[in-house]
Amino acid sequence: MLDKAKIARELGLARSVMTGETRIHMEGDARMIIEGHSGLLEYTGESIRVRAKGMLLHIEGEKLMMEALTAEDLILVGKIDKILLLKPEEC
Amino acid sequence: MERLTGTVTVLLIGSLPPKELNRLAASLSLQDVRREKKGTSMRLRAEDFNALRHLLRGSGLKVRILKREGLPFVRVMLRHKAAFVVALLASLLVIWGLSQTVLEVRVSGIHNETMKRQLLELMAGLGAERGAFREKVDPRAIEESVLRSFPNLTFASLHQRGVTLELFVVEAVKPPEIFRRSEPVNIVASCEGLITKVTVLSGMAWVRPGDTVRQGQLLIQGYDPSSGSVHANGEVYARIWQTGAGEAELYETVRVPTGRAHERMVIRCLGLEICLFQGKVPFKDYNISKEGGFLLDGLYLPIAWEKQRFTEVELRRQQREEEEVRRQAAQRALTDALNLVPGGARIVDKRLEYSKIGEEKLAARLTLESFAQIGVSVQDK
């Protein structure tokens, strides 16, 4: 079986390009960009749960707002206090 | 780009579960999604609004439009406000017209008011006058015409700064007077005095040291016994006395502030003055301080604003200190006397006398004694 992560490393590519994993960028604690999510599970002004490939993303904070939301990408702004990466069995 | 296509901010009243939100996000581009007390607000493109309503059909959610932004909505708004659009366009047209018109013409670089007026008249004749269209003014032609018409000017440059035309000119420096030896000239006394020294380079001396002379008296004649008429040349020094007078008031009127003040704003445009607030000054005697400037630095609109502050004063008559009155009168007398002393003179003595004129004034009389060259050349008639 092909090790996509290894191929990406050999070719000098970003791992997510080959594996299709979710990419997360943060700009301090005020902005977070999630690329390649699989849908929202929960959304309030204080917490958000997003389904990502092979895990669940749990974000807590204050005055959370989704600056942009599409089928694959999400830009979250507000004061982000906590980020948890949960395996599906932990949820 | 969003401004061109238009956006709508909506509030979805009711419970919007994440599953439903995912369904909307799959079809639409949602922005600024946030939970509100009554539901969920979000912003979307104007063209997606109908799709949103379609997607929410049967979900039990109500859609309320909170804000419409962008060009499509401005266009709709303007369609119902034709008068506003016409007025706006007319205003823009007037502003454009004013900005393309010459509203002020200035001449700088010279202090002679008569020449300034003549230059302005010449410029007006060439089309550079108030009310002219800016594009029609040809700076090069005006500069050339100015230099041709005024030979005493060596430089002319016409600048356009917004609605103002400014002609900057430089006057020529006059060449020194030419000494013509062939011209018969006498030397006479410029003022009366006691001759102390006579030096003759050409011509014939008519005075000697110790003589007293009056103003205009012949000192060196432009005549030589061997060659006839000549250009008299030489120097005649004399001891001269010049008297100057000055006066100063013994009493003065002082302006004592009462503490009351009044402010108003004035707008000036094309010679018109408009008082915006509380135009009438409620005081009989007052001091005024002004602060102001031009709108947009006077670049495109000749509109000036000025904030005027009037401070009420009470006029009181009081006696001045004698020392100060004497000093002022003496200073004025000195200024007067110095105006009479010829250039290059050496002052050797002075005498100052005071006298009262009635009860109101003090007069000072200052006599200056000096040595000076008093000979001046005049054409031999």
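Keep in mind that this is a model prediction, so the values were computed, not measured.
A salt bridge does not link Glu291(B) to Lys307(B): none of the charged nitrogens lies less than 4.0 Å from a carboxylate oxygen.
A perpendicular orientation is assigned to the rings of Phe310(B) and Tyr286(B), their planes being inclined by more than 60° (bins at 30° and 60°).
Listed options Ser29(B), Ala26(B), Pro17(B) were ranked by heavy-atom pairs under 4.5 angstrom with chain A; first place goes to Ala26(B). Contact count versus chain B (heavy atoms, under 4.5 Å) is highest, among Glu42(A), Met65(A), Lys63(A), for Met65(A).
Residues Val102(B) and Val163(B) have side chains not in contact (no heavy-atom distance under 4.5 Å, counting atoms from C-beta outward). Residues Leu11(B) and Thr40(B) form no side-chain contact, since every pair of their non-hydrogen atoms from C-beta on lies 4.5 Å or further apart.
For a residue to count as touching a neighbouring chain, one of its non-hydrogen atoms must lie under 4.5 Å from one of that chain's; by this rule Leu69(A) touches chain B with backbone and side chain alike. Contact annotation for Leu28(B): only backbone heavy atoms (N, CA, C, O) come within less than 4.5 Å of a heavy atom of chain A.
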